[in-house]
Every structure is written in structure tokens, then in C-alpha cells.
Engineer: 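Before we start, here is the structure in question, set down as C-alpha cells.
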Amino acid sequence: MEHEKEDERGKVIKWLEECDKNPNPIKPWEWDFKNCYTDSLPKDNITAFLKYKNGEFKDNTSDFNITEKAGFDADCDKEAIGLYQVLGWQNSATAITRGETMNSFLTTFKCALALEQSSDCDTQSDKLVIKSGKKLPFSDLYDKEKNIEEQPYMAFDVVKNNKEAFRKFAKLTHTIGNFTVLPHWMNTGRSNLSKDYWDIFLLSLQEWLHLISPTSEAWINFIELYYLQPYVSKDYQIEPFWKNHSYTNPILKKKEDFPIFLNAVNERIEERGKYMIKQICDRLNRTDFNFYKEIRDMDKIRFSDEF
């Protein structure tokens, strides 16, 4: 077990060194784990996400492909097990806890496309009508022959009007700041309840933990262990992503709520990702990276009411 942990620590250090390598360094909190499955990730982040969901990234030879899976079996949040081990979140690949993605890009993207069906659709939108219960036609939403501004998904006004925020979220979805660990049996129930919006999941968890620990000790410990402060206020209360977001109103239904949510989720993922990388570097005693200069003075992580 100890040898396995040391091996994973070595892989994490190699990954950090790769992120920092010239001539094209990348900040590790911005590293897209879809890179585990391809050496030619599309520059358009939405296209990259859709191709990933369509099982098109089939190369599992990357040095950072830990699971040795690809295509439709690819699962980005499982590839970060070494980082979870450094943080003390997961002991081994067979542990009851495993990596999970906190906020789903696909849920919000589908909401944007479905909302468009309530208005007059142009020819492209007609072809891509999203019917309840039907699988999203991923391959119809991108076209490798067209430039980024002409992609089929741009036919939908909600996406087009929030394109930069959507593209940012499409990338950040599979970065370390949007990953956590949960007991493996919990994820299906979480999706059904919260539609993969992290604030709703936290509401349910807070209610349950309060029954166990009325003094909120368990709740506070959970928030602090997994660096979830960006999702709660300084008094550890959950702030919804948008007005009236709740169990009974779990998905986005109003156009004006999309930019509110996208801004909130993107800044929270980035904040948490930076702080997690600082904790990892500090625990590995590797603070010599160029990117570390940006997070060196990050002694605490911001709460939601500090954004």
C-alpha cells in the first residue's frame, strides 16, 4: 500500500513538471483531464467536450492515463487518483470512495438547447430538436470542417449569447477544481436529486449531517476536508447558484439565469482548483514551479460571499 502511494506521488510530480514545462506551460488547475485520452484535444472546448461524450478519444497511451481506459469508457475524474491520494482523500483504486465530477457541463448545456425549443427555431435548431428522454445527438452539434464561430451548437441563442462562459465551463468541468471523491454508491442518487448541481447536493448533505451532528461539526469538517468553502458562506450556509434554485426547481429554465450560474460555477472551480494545487505542491514539498508563484500567497480559500 505504501509503495502504491509513493508511485502515485511520483506520477503527480511528473504531471506537475509536465504542466510547468516550456515552451507551452499550463497552470495545473487549468489542465483538462480529457488530455488523458488524446494528444490532439480540439481548441474549441465545447467541441472537445462533445467529442469526449461521443467516445471519440480512444488513445489510452498517455503517461497520465491511469485507468488505461478510453473511448466511451473514459472517465476523467478517475484519472486524478494520484492527486486525491496526496490530499488524503482516497487510499487506493479499490477504495469505497472514488473520483467524481461535481458540476455537470452537459446538464446545463442540454438546458440551453432545450430552452430554445420554446421559441422559433431556425433550420439548424430544427434539425437538433432535443426531445425529452432522447439522447443528445453529440455528433450533430460540432463540425470539424467549420471554424469555432460556425459550429452547429452556435445556432442556439442561449449558448451563443454566453459562448465564452460556456466554453470556459466546458474546459473547467474536467479540471481538478471540479473533482472530488464520494462513496461509489452515492453518485446515481446524487444525479437524480440534484441534476449534478453541487449546491443542491450540498443542501441534501447538510440536512442529513445536521441530524447526526446538530452542532454542525461534521458539516464543517466535510467542507474543510474537501475545500468546499467556495460553495458556502462564511457561516457555512449554502448559497444557491441562482435565485429559487432548489430541490423543486433543480434545472435552469430562464435565459437570464444562465450567465449568473456560469459565472458562479466557473469562478468557484478556479478558486478551488488553485487552492488544491497549492495544497498538493506544499505536501509534496515542491514549490519550485513557475506556476506556484501565482498561488504562493494563497493561504486560505475564499467563501462564496467573498467573491
Side-chain angles (χ1 to χ4, degrees), residues 32 34 41-57 72 74-76 101-175 178 190-201 240-266 268-269:
D32 191 334
K34 290 188 282 293
L41 197 66
K43 292 183 179 180
D44 174 22
N45 296 324
I46 295 178
T47 296
F49 180 90
L50 294 170
K51 294 185 76 170
Y52 166 75
K53 295 300 293 186
N54 206 38
E56 294 190 31
F57 300 145
F72 284 109
D75 201 354
C76 288
T101 300
M102 293 162 55
N103 297 287
S104 165
F105 173 83
L106 187 58
T107 299
T108 298
F109 189 69
K110 288 175 70 174
C111 286
L113 271 56
L115 187 63
E116 207 71 32
Q117 307 313 319
S118 63
S119 61
D120 293 331
C121 300
D122 62 16
T123 302
Q124 183 63 40
S125 296
D126 268 340
K127 189 176 76 171
L128 302 175
V129 167
I130 310 304
K131 297 181 179 179
S132 177
K134 299 295 183 181
K135 183 178 178 182
L136 191 68
F138 298 116
S139 59
D140 289 339
L141 289 165
Y142 58 87
D143 187 339
K144 65 180 181 180
E145 302 300 326
K146 295 182 178 180
N147 65 43
I148 190 170
E149 297 301 324
E150 296 176 333
Q151 289 299 310
Y153 64 74
M154 290 286 281
F156 297 85
D157 285 343
V158 177
V159 178
K160 183 177 181 179
N161 294 338
N162 299 281
K163 60 185 179 182
E164 295 307 322
F166 264 113
R167 286 168 180 157
K168 188 172 186 177
F169 187 28
K171 177 179 181 177
L172 289 177
T173 292
H174 292 134
T175 60
N178 200 37
R190 174 176 76 99
S191 178
N192 291 337
L193 170 75
S194 68
K195 308 305 179 188
D196 290 329
Y197 288 104
W198 194 249
D199 58 338
I200 300 298
F201 169 69
F241 280 134
W242 65 88
K243 187 178 180 180
N244 299 324
H245 194 205
S246 65
Y247 299 135
T248 57
N249 183 38
I251 62 174
L252 286 154
K253 298 176 182 177
K254 297 179 179 179
K255 292 183 179 181
E256 58 266 28
D257 287 334
F258 280 85
I260 295 171
F261 164 72
L262 290 167
N263 179 69
V265 74
N266 285 340
R268 280 156 178 74
I269 294 172

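Note that the structure is predicted; figures quoted are calculated from it, not measured. These values consider heavy atoms only, across backbone and side chains, with no hydrogens, waters or symmetry-generated copies.
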Engineer: Quick one: closest heavy-atom pair of A112 and V158, and the distance?
Structural biologist: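 What the structure gives for the nearest pair is CB-CG1, 3.7 Å.
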
Engineer: Would you give the length of the straight line joining atom CG of D196 to atom OG of S104, rounded to the nearest 0.5 angstrom?
Structural biologist: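 One gets 5.0 Å once the value is rounded to the nearest 0.5 Å.
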
Engineer: Please enumerate all residues that pass side chain to side chain contact (heavy atoms under 4.5 Å, CB included) together with K160, with sequence neighbours excluded.
Structural biologist: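 Scan of K160 (side chain to side chain contact (heavy atoms under 4.5 Å, CB included), adjacent residues dropped) gives M154.
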
Engineer: Once the angle between the rings of F109 and F105 is folded into 0 to 90°, is it parallel (under 30°), tilted (30 to 60°) or perpendicular (over 60°)?
Structural biologist: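 It falls in the parallel class, under 30°.
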
Engineer: To the nearest 0.5 Å, what is the distance between CG on N147 and CG on D44?
Structural biologist: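 Output value for this atom pair is 10.0 Å.
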
Engineer: Nearest heavy-atom pair of Y247 and P250: which atoms, and what distance?
Structural biologist: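 Minimum heavy-atom contact is O-CD, 3.6 Å.
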
Engineer: Y142: which residues meet the ring-ring contact (aromatic ring centres under 6.0 Å, His included) condition with it, sequence neighbours left out?
Structural biologist: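 ring-ring contact (aromatic ring centres under 6.0 Å, His included) list for Y142, sorted by chain: empty.
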
Engineer: Mind telling me whether F49 and H174 have parallel, tilted or perpendicular rings, with 30° and 60° as the class edges?
Structural biologist: parallel

Engineer: Within the 4.5 Å heavy-atom criterion, are F169 and N103 side-chain neighbours or not?
Structural biologist: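 Side-chain contact under 4.5 Å: yes.
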
Engineer: Starting from the C-alpha separation in whole Å, work towards a yes-or-no answer on side chain to side chain donor-acceptor pair (under 3.5 Å) for T108 and Y197.
Structural biologist: CA-CA 9 Å; T108 298; Y197 288 104; 2.7 Å; yes

Engineer: Of all residues at least two apart in sequence or in a different chain, which pass the salt bridge (charged side-chain N to carboxylate O under 4.0 Å, His left out) check with K195?
Structural biologist: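 Salt bridge (charged side-chain N to carboxylate O under 4.0 Å, His left out) list for K195, sorted by chain: empty.
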
Engineer: Are T47 and Q151 close enough, and set up right, to give a side-chain contact (heavy atoms from CB on, under 4.5 Å), and what steps lead you there?
Structural biologist: CA-CA 8 Å; T47 296; Q151 289 299 310; 3.8 Å; yes

Engineer: Should I269 and W198 be marked as a side-chain contact (heavy atoms from CB on, under 4.5 Å) after you check the CA-CA gap, both sets of side-chain angles, and the distance that decides it?
Structural biologist: CA-CA 11 Å; I269 294 172; W198 194 249; over 6 Å; no

Engineer: Let me see the working for D257 and K243 under side-chain contact (heavy atoms from CB on, under 4.5 Å), right down to the final yes or no.
Structural biologist: CA-CA 8 Å; D257 287 334; K243 187 178 180 180; 5.5 Å; no

Engineer: If you round to the nearest 0.5 Å, how far is CG of N178 from CG of N266?
Structural biologist: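 Spacing of CG (N266) from CG (N178) equals 9.5 Å.
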
Engineer: For N162, give me all partners under side chain to side chain donor-acceptor pair (under 3.5 Å), at least two apart in sequence or on another chain.
Structural biologist: none

Engineer: Go through the structure and list residues passing side chain to side chain donor-acceptor pair (under 3.5 Å) with E149, not counting sequence neighbours.
Structural biologist: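 Per chain and number, E149 pairs via side chain to side chain donor-acceptor pair (under 3.5 Å) with K163, R167.
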
Engineer: Please find the pair of heavy atoms, one from K51 and one from P42, that lie closest to each other, and give the distance.
Structural biologist: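 Minimum heavy-atom separation between K51 and P42: CD-CG, 3.9 Å.
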
Engineer: Please confirm whether the backbone N or O of E56 pairs with a side-chain atom of N54, one donor and one acceptor, at under 3.5 Å?
Structural biologist: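 No, the answer is negative, given that no donor and acceptor are paired below the 3.5 Å cut-off.
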
Engineer: Report yes or no: do Y52 and D32 form a side-chain donor-acceptor pair below 3.5 Å?
Structural biologist: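 Distance-only check fails for Y52 and D32.
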
Engineer: Measure across T175 and L172 and return the closest heavy-atom pair with its distance rounded to 0.1 Å.
Structural biologist: OG1-O, 2.7 Å

Engineer: To the nearest 0.5 Å, how far apart are CE in M102 and CG in D199?
Structural biologist: 10.5 Å

Engineer: Are side-chain heavy atoms of L115 and K255 found at a separation under 4.5 Å?
Structural biologist: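 Answer yes - side chains close enough.
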
Engineer: Identify the two heavy atoms, one from W242 and one from N249, that lie closest to each other, and give their separation to 0.1 Å.
Structural biologist: NE1-ND2, 4.2 Å

Engineer: Please report the closest heavy-atom contact between N45 and A170, naming both atoms and the distance.
Structural biologist: O-CB, 3.5 Å

Engineer: Could you list the residues that satisfy ring-ring contact (aromatic ring centres under 6.0 Å, His included) with F241, not counting sequence neighbours?
Structural biologist: F261

Engineer: How many angstroms lie between atom CD1 of I200 and atom CD1 of I251, to the nearest 0.5 angstrom?
Structural biologist: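 The distance works out to 11.5 Å.
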
Engineer: Measure the spacing between CD1 of I46 and CD1 of I148 and express it to the nearest 0.5 Å.
Structural biologist: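 Between I46 CD1 and I148 CD1, I get 7.5 Å after rounding to 0.5 Å.
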
